[in-house]
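Note that ligands are numbered from 1 as they come in the structure, with each ligand's atoms numbered from 1 the same way. Heavy atoms only: backbone and side chains are in, while hydrogens, waters and symmetry mates are out.
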Amino acid sequence: MKDKINALSEEIEQFKAENKDELESFRLKYLSKKGEINNLFAEFKNVPKEERKELGKLINDLKNKAQEKFDSMKASLEEAEETQSEYHDLTLPVNQEEIGARHPISIVRNEINDVFARIGFTISEGPEIENDWHNFTALNFPEEHPARDMQDTFFVEQNPDLALRTHTSSVQVRVMENNKPPIRIVAPGRVFRNEAISARAHCIFHQIEGLYVDKNVSFVDLKQTLYYFAREFFGEQTKIRFRPSYFPFTEPSAEMDVSCNICGGKGCNVCKYTGWLEIMGCGMVDPNVLDNCGIDSSEYSGFAFGMGIERIAMLKYQINDLRLYFENDVRFLKQFKSAL
Ligand code: PHE
């Protein structure tokens, strides 16, 4: 029996497991229930008493040796596997994380903010749920104005009225109530109107409004400021023109057009062959509005303007359907990655 133990001990020492299968065959051969070492324990029953002590120790040592050998082979196989998978195939491309892109509305909003920041305008924000005073009354909206109708405005509560703001002009009111002139702000933000969704309209959209109030502000200042904006945003060669218009809160009021940046004014389907693109409403702040907000209209005057960011972005990127902004289709959104 001693010879057998020695032979097994030798075998175990020499054994090399190159892979998991070989490791498993080692375990079956030596350590399993029907393995060689257990067989020795079975034979041990027939060993004469005098030899038992010595043989028992030898078999036990052999068992420990086999177990240790098994553990160390297992550990080194696992280690090899780990380093192997770490450097599995060095020619594979790197596992790249997708980097998100800014939404075109955010890109354009930031650009517009930047243009006005360069000439001293700061950014103001206000609540999206407004009361009647800030959204309508202070802005000179007559009692029977259609915007005050349920059909046009989303009311959250009535009597007293709370509604989703229909424009960011409400921010102008808040700023004038809380600050003394000179005031130079732009107010970007989400606005809400009860409109059917189509390629040209949506019930949620974004505006940027501007407000300038000081002594001796005239239409000349309005024109020059907006001319600066048009050239910075659409390019040096851009021309502007004003058409008379109406807003309750400005007097006189105008719509401003810029020369079409696609055809350079010659006429194309973007400008509908007029050479001009309408981009914003503007005007001199109505003296009633100044007085409503606690600013003395005999001392101060101001101008205001407002534009839809969706429309400006449509012109900039030649996007022809407003719904694309809200659909979250990555094929659309990832095109703006370079503009991060
Ligand atoms: N508030 C106007 C609108 O929503 C835009 C505007 C702002 C016009 C400021 C003139 C002056 O259409």
Taking distance alone, no hydrogens or angles, what donor-acceptor pairs closer than 3.5 Å link side-chain atoms of residues 195-210 to residues at least two apart or in another chain?
unit_1, atom_1, unit_2, atom_2, d
S198, OG, R200, N, 3.1
S198, OG, A201, N, 3.2
H202, ND1, I204, N, 3.2
H202, ND1, I204, O, 3.4
H206, ND1, E310, OE2, 2.7
Q207, OE1, T168, N, 2.9
E209, OE1, S169, N, 3.4
E209, OE1, S169, OG, 2.7
E209, OE1, Q172, NE2, 2.5
E209, OE2, S169, OG, 2.8

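- Aromatic ring centres of H167 and F141: separated by under 6.0 Å.
- Proximity of a side-chain donor or acceptor of N178 to a complementary backbone N or O of R174 within less than 3.5 Å is detected.
- Salt bridge D132/R148: present, at least one basic N to carboxylate O contact under 4.0 Å.
- Close placement of the F26 and F15 rings is indicated, their centers lying within 6.0 Å of each other.
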Mind listing the N or O contacts between ligand 1 and protein, cut-off under 3.5 Å?
unit_1, atom_1, unit_2, atom_2, d
ligand 1, 1 (N), H167, ND1, 3.3
ligand 1, 1 (N), S169, OG, 3.0
ligand 1, 1 (N), E209, OE2, 2.8
ligand 1, 4 (O), R193, NH2, 2.8
ligand 1, 4 (O), Q207, NE2, 2.9

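- Aromatic pair F336/Y317: centroids less than 6.0 angstrom apart.
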